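All remarks here apply to the structure that follows.
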There are 2 protein chains.
Amino acid sequence: MESKYAKQFKKGILEIIILKLLSKKEMYGYQIVSEMEERGNVFNLREGTLYPILYRLEDDGMIESRWEQSASRNVPRKYYAITPSGKDLLKEATEQWLEFAYTVEKVLKD
Amino acid sequence: MESKYAKQFKKGILEIIILKLLSKKEMYGYQIVSEMEERGNVFNLREGTLYPILYRLEDDGMIESRWEQSASRNVPRKYYAITPSGKDLLKEATEQWLEFAYTVEKVLKD
DNA sequence: CCATATACTTGGTTATACAAAGTATTATAT
DNA sequence: ATATAATACTTTGTATAACCAAGTATATGG
């Protein structure tokens, strides 16, 4: 079970983590969840959390999607890729987070 | 104006910051806001945010309060002090946050 | 006497993460 | 053949926390 704080800490940052992953390579939703699980799933990311984030990011033009329907595998996949706006946002949000985290650390370690 | 992310990043951590401040010395609510402002108010803490946090922490037994009514100054102050449970929580939550922040940093800097 | 500072309180809004369930197809095992 | 699990996306309702705005009340300075 996840602590009360662990859940709250993720607010806002999950979106940036997703953007970061998509800046490396395009991925489909289920793949993101699966790869996170393989890495130990430190963020405890589930589908019900991920997909709304993807829709938000797409509505805001930070990522774009395309359906891929292959002949051999009839379950279609929706691939997401980061856009230039998304890259800008990722850069800015990363800076914001690092500064925020640094400030918090300073206070907590005082 | 504060960015959309800045607000979200605070979720969960403000409570711990308040606990940290109260672990140094007992303080009353307005004083916390004032001292934060003096330090540049990096967390942009306002009364409407602080007091609910204080009530929550008190309900959970992490801090305790006493009213101080002085003769010279008729506006009473409610002083808050951290409890032993509060100290335990502070310690645990600090560790949780530092680990979380470290993990996020690793991903974002990858 | 009116504005400002001190000090605490409350109400309603918004954002985000979450659990749970649902849809549909394909692969595997019985 | 049929049940089960795995793949893949979607939706609904809930909880939590931060926020703005406003309100209460006393004290002080112009």
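Below, read A as the first sequence line, B as the second, and so on, with proteins coming before strands; counting in each chain starts at 1. Computed from a prediction, not measured in an experiment: that's the story for all the values here. All heavy atoms count here, side chains included; hydrogens, waters and symmetry mates do not.
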Presence of [X] side-chain N/O under 4.0 Å of [N] phosphate oxygens OP1/OP2:
X	N	result
B:Tyr51	C:dC8	yes
B:Arg46	D:dC19	no
B:Lys7	C:dT16	no
A:Tyr55	D:dT10	yes
A:Lys78	D:dT10	yes

Legend entry - Electrostatic pair A:Lys4-B:Glu15, nearest N-O below 4.0 angstrom: yes
Legend entry - Short N-O contact, B:Glu64 and B:Arg66, less than 4.0 angstrom: no
Inset, instruction - Assign each of A:Tyr80 and B:Ala6 to its nearest nucleotide of DNA chain D by heavy atoms, then name whichever residue's nucleotide is nearer the 5' end. - result: A:Tyr80
Sequence neighbours left out, what passes side-chain hydrogen bond (donor to acceptor under 3.5 Å, both in side chains) with [X]? Give chain and number order.
X	answer
B:Arg46	none
A:Tyr51	none
B:Lys87	none
A:Gln96	A:Glu92, B:Ser3

Inset, instruction - Please work out which of the three classes, parallel, tilted or perpendicular, describes the rings of B:Trp97 and A:Phe100, given edges at 30° and 60°. - result: perpendicular
Please tabulate the protein-to-nucleotide N/O contacts below 3.5 Å involving nucleotides 14-16 of chain D, giving atom names and distances.
none

Inset, instruction - List in chain and number order the residues that pass side-chain contact (heavy atoms from CB on, under 4.5 Å) with A:Glu35, two or more places apart in sequence or in another chain; answer none if no residue qualifies. - result: A:Lys25, A:Met27, A:Gln31, A:Arg39
Legend entry - Contacts of type side-chain contact (heavy atoms from CB on, under 4.5 Å), residue A:Lys7, not counting sequence neighbours: A:Glu2
Inset, instruction - Could you identify which residues of residues 12-28 of chain B place a heavy atom less than 4.0 Å from some atom of DNA chain D, listed by residue number, or say none? - result: B:Gly12, B:Leu14
Inset, instruction - Mind listing the residues from residues 29-43 of chain B sitting with a heavy atom below 4.0 Å of DNA chain D? Number order is fine. - result: none
Mind calculating the distance between [atom1] ([X]) and [atom2] ([N]) to the nearest angstrom?
X	N	atom1	atom2	answer
A:Asp60	C:dA15	CG	P	11 Å
B:Tyr5	C:dA15	OH	P	13 Å
B:Tyr79	C:dC8	OH	C1'	14 Å
A:Leu50	C:dA17	CG	P	11 Å
A:Leu54	D:dC9	CG	C1'	10 Å
A:Leu45	C:dA17	CG	P	9 Å
A:Gln69	C:dA24	CD	C1'	12 Å

Check [X] against [Y] and note the closest heavy-atom contact, atom names and distance.
X	Y	answer
B:Glu58	B:Ser65	OE2-OG, 2.6 Å
A:Lys10	A:Asn44	NZ-CB, 3.8 Å
B:Gln8	A:Gly12	CB-CA, 3.8 Å
A:Ile63	A:Leu54	CD1-O, 3.5 Å

Inset, instruction - Please list residues of residues 97-110 of chain A whose heavy atoms come under 4.0 Å from any atom in DNA chain C, ordered by number; otherwise none. - result: none
Legend entry - Qualifying residues under ring-ring contact (aromatic ring centres under 6.0 Å, His included), relative to A:Tyr79, sequence neighbours excluded: A:Tyr28
Legend entry - Stepwise side chain to side chain contact (heavy atoms under 4.5 Å, CB included) check, A:Tyr5 with B:Ile13: CA-CA 8 Å; A:Tyr5 285 123; B:Ile13 197 67; over 6 Å; no
Inset, instruction - First locate atom OG1 of B:Thr94, then atom CG of A:Leu108, and finally report the distance between them rounded to the nearest 0.5 Å. - result: 4.5 Å
Can you name the atoms? Protein N/O to nucleotides 20-23 of chain C N/O, anything below 3.5 Å, with the distance.
none

Legend entry - From CA spacing to verdict: side chain to side chain contact (heavy atoms under 4.5 Å, CB included), A:Asp60, A:Tyr55: CA-CA 9 Å; A:Asp60 293 347; A:Tyr55 307 150; over 6 Å; no
